[in-house]
Structure formats: C-alpha cells, structure tokens
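To start, the structure itself, in structure tokens.
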Amino acid sequence: MARTVRFHELGGPEVLRLEDVPVGEPGPGELLLRVDAIGLNRAEVMFRSGEYVQPVKEFPARLGSEAAGVVEAVGPGVTGFEVGQAVSVVPAFSMNDYGVYAERAVVPARAVVHRPDGLDPIGGAAVWMPYVTAYGALVEVGGMRPGDTVVLTAASSSVGLAAIQIANRIGAVPVATTRARAKRDALLKAGAAEVIVTEEEPVTDRVLALTGGRGAEFVFDAIAGPGVVDLAKALAPGGTLFVYGQLSGQETPFPPMSVVSGRNMRSFTLHETTTDPQRLRRAEAFVTSGLRSGAFVPVVDRVFGLDEIADAHRYMEAGNQLGKIVVTVEH
C-alpha cells in the first residue's frame, strides 16, 4: 500500500484525498518508482476541476505527471534502467492512465529520464516540464538563434523562467511580460533583458520600440485569448507566435490576415516533445548540458508536504508564485 492522492468528484482543492492504495508491480514497459518529490502543474488543477482538455474518465481519479524518485522495480522488456537509479518523470501520458501524486507509483518507462548527478529530488521534480516545454517550442521547432528576440508572457511561471534561461544560453534576447509591476525586478534578476508591465504599457508598441521597429522573432504565449492579436502585431516578418497555454480562459481568435501575413501562429504542447523518443532524447541532452554548466537553475517558489496537497493546489490557484511549486514525500 502507498499513500496516494485521489479525488472522487470534480471540484476545488477540498476534493483531494490522501488514501492508502495498492501499488502493484510494473507491467511491460513500466517502472515502479519511490516518489521523493512532485512538481505541480496547472494542468492538474484543471483536470481536478473538469476544465482540462482531457476529461476525467472514471473515479476515483489520480493526478500528477512530474516527479523525481528512485527506481524500485523494472517491468518486463524495459532496458536502460536499474533498481536504485535516481530518475525523473516527465509529462508524457494521460492522467487517466497514470498519476504520481503518491509515495510510490507505476509509470511508463518512456516517460522517465535519468536524473543528473548533483540534482536533488526537488530540483529533479522542478526542472523537466518547464525546460523541455520551452526547449521544444523555441529550439526544437522554432530554431531560435543568437540575436533573436523572444517575448515571454506569464514570464514568472516556471516555463517562463526556464525560457529566459534558455534564451540567454543561446544568445537570444528574452523580453518578459507581467501584469503587475510587483514582479518586474524579480524578472530582471532572473535574466530578462527587458520587462513589459502589461497593465501600464501596450505590448506591441514596447516590443516594436525595443527592436527598432522590426518586431520579435518569437512570442511564447501561455495566456491565449483575445490578446494574441496584439502579440501577433509584435512579430517580425517570418516570426512565430507559439501558444502553449490557456490562462485567460477565453476563446482565442486567429488574427486578421493583415496582421499574420508573412508570420506564423501555432499551438504547442509539451507532448510534442515528450512522446517523440528522438525529440525527448535531444531535449534531455540539452537540459542536462545546461544543468551541468550552471546555465540552467530551476526556480522553486515553495515546497509543501504530501499531506498539504490541498494547500499546495490553493497556493497554485492564487497565481502569485515565481517559479515551480514542489511537493515532497517523506518515507
């Protein structure tokens, strides 16, 4: 038996229950992990409340697709992993099939990467989703190069902060946006070349001014909704607007042809990278190299215990964090 977070109905953080649940042995293509730390993701809030793109198929339901831990058992047909190895889980599966909010969890081996030496469980739970998301869009798909300008919305999120570090490592220019001035100094300290406070200044005008009227080669947008029109106006000819989140909760229009002509707009999901073995291999090498060089330092805002999971979800919903929220598991 293992303490496992489950919910028996849709709702707020109060529906989360910590229950003793049989773990079972890993099947073909699976690993059994001792979970030491869990990275929280807004997708889990949406899944729990019934707002996610994938609805809950049955109750009781589980949560979680980011974790760090140790391999306890290897299923039939799995190669490349051994009992006792330190690893991390990356989001590459449906939460209808697996969940890592638990003391122990069975997960697909294809969603597991080796944890670099020197990276503790908290860092191992905080690093992969943010960095692989930003890498997958901006580097793997976009081909971001030195000198490119990239505009980052919701820049104080874990993905936004990872994107700042990735842009700086490549030699691109990260321009962060934030709703309120309170996070401006923190974003500059995190490596943003410029910060646009959207409640005080128009994004399009500021980006054009910063780029000498050319516009940005990339916009990496977590918000979506009507604001994409102004973001598209801030693109340079040939530039790309990646929409990877829906924080606005509003319908997202396609900008008029007069705006997007000669420019690109596309959605992006982390699974484009994590479910493609070759892309995931390249992403793992890229992130590991950045960690070893010190260019990548995952930002953790706050750590909760597993028995505080409802409080951790409330904190995430408040939206005031700077970086990743992590839950640790005591054994």
Side-chain angles (χ1 to χ4, degrees), residues 130-131 133-139 141-245 247-248 255 259-260 262-266 268 290 293-299 301 319-324:
Y131 288 84
T133 300
Y135 162 87
L138 297 172
V139 180
V141 175
M144 183 170 61
R145 296 170 296 185
D148 286 347
T149 296
V150 54
V151 176
L152 307 167
T153 70
S156 60
S157 69
S158 60
V159 176
L161 294 170
I164 289 173
Q165 294 181 19
I166 289 172
N168 281 325
R169 188 175 198 224
I170 287 175
V173 181
V175 176
T177 79
T178 183
R179 284 180 299 174
R181 180 164 289 275
K183 293 182 178 180
R184 181 180 181 276
D185 289 345
L187 288 169
L188 290 171
K189 185 177 180 180
E194 300 284 349
V195 177
I196 300 173
V197 180
T198 58
E199 290 182 350
E200 300 178 5
E201 50 194 340
V203 173
T204 303
D205 293 349
R206 184 74 189 285
V207 172
L208 292 175
L210 290 170
T211 58
R214 183 186 77 252
E217 281 72 27
F218 298 100
V219 174
F220 194 43
D221 179 38
I223 299 172
V228 298
V229 175
D230 286 336
L231 292 174
K233 291 177 182 178
L235 283 173
T240 299
L241 166 58
F242 289 102
V243 180
Y244 74 93
L247 293 178
S248 72
V259 173
V260 295
R263 297 164 176 83
N264 309 291
M265 176 177 169
R266 80 185 298 274
F268 179 81
S293 72
F296 298 163
V297 180
V299 179
D301 178 275
N320 296 319
Q321 73 269 19
L322 187 78
K324 195 73 171 171

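Counting from 1, the numbers follow the sequence of the chain as shown. Here the structure is a predicted model, which means the values were calculated and not measured.
Taking Thr153 as the reference, Asp221 meet the side chain to side chain donor-acceptor pair (under 3.5 Å) condition, with sequence neighbours excluded. For Arg206, the side chain to side chain donor-acceptor pair (under 3.5 Å) criterion is met by Glu194, Glu201, not counting sequence neighbours. Take Lys183 and apply the side chain to side chain donor-acceptor pair (under 3.5 Å) test, not counting sequence neighbours, and it matches Ser156. Residues passing the side chain to side chain donor-acceptor pair (under 3.5 Å) test with Arg214, sequence neighbours excluded: Glu217.
At least one donor-acceptor pair closer than 3.5 Å links the side chain of Asp301 to the backbone N or O of Leu322.
For the pair Asp185 and Lys189, the minimum side-chain heavy-atom distance is 4.5 Å or more. Contact annotation: the side chain of Ile223 never approaches that of Val228 to less than 4.5 Å [non-hydrogen atoms, C-beta and beyond]. Contact of the Lys324 side chain with the Pro298 side chain is not registered, since no non-hydrogen atoms from C-beta on lie closer than 4.5 Å. Val203 has its side chain within reach of Ile196: a pair of non-hydrogen atoms, C-beta onward, lies under 4.5 Å apart.
Across all their heavy atoms, Pro174 and Gly191 have their closest contact at CG-O, 3.7 Å. Minimum interatomic distance between Ala167 and Met144 (heavy atoms only, all atoms of both residues): CA-CE, 3.8 Å. The nearest pair of heavy atoms linking Ile164 to Ala192 is CG2-N, 3.6 Å. The minimum heavy-atom distance between Val173 and Gly147, with the atom names listed, is CG2-O, 4.5 Å. Heavy atoms only, all atoms of each residue included: Asp148 and Gly143 are closest at OD2-O, 4.4 Å. The minimum heavy-atom distance between Ala154 and Ser157, with the atom names listed, is O-OG, 2.9 Å.
Here the CG-CG distance, from Leu152 to Leu187, works out to 9.5 Å after rounding to the nearest 0.5 Å. Atoms CG and CG, from Leu210 and Asp205 in turn, are 11.0 Å apart once rounded to the nearest 0.5 Å. Of the inter-residue distances, the one linking Arg263 atom CZ with Thr240 atom OG1 reads 11.0 Å to the nearest 0.5 angstrom. The line from CG of Asn168 to CZ of Phe296 is 10.0 Å long, rounded to the nearest 0.5 Å.
Each salt bridge (Lys or Arg N to Asp or Glu O under 4.0 Å) pair with one or both residues in residues 163-182, not counting sequence neighbours, appears once here: Arg181-Glu200. The stretch residues 193-241 participates, sequence neighbours left out, in these ring-ring contact (aromatic ring centres under 6.0 Å, His included) pairs: Phe220-Tyr244.
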For this session: I would like to know whether Leu138 and Val150 meet side-chain contact (heavy atoms from CB on, under 4.5 Å); could you show each step before the answer?
Result: CA-CA 9 Å; Leu138 297 172; Val150 54; 3.9 Å; yes
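More than 12 heavy atoms of other residues, nucleotides or ligands lie within 6.0 Å of CZ in Arg266, so this atom counts as buried by the packing criterion.
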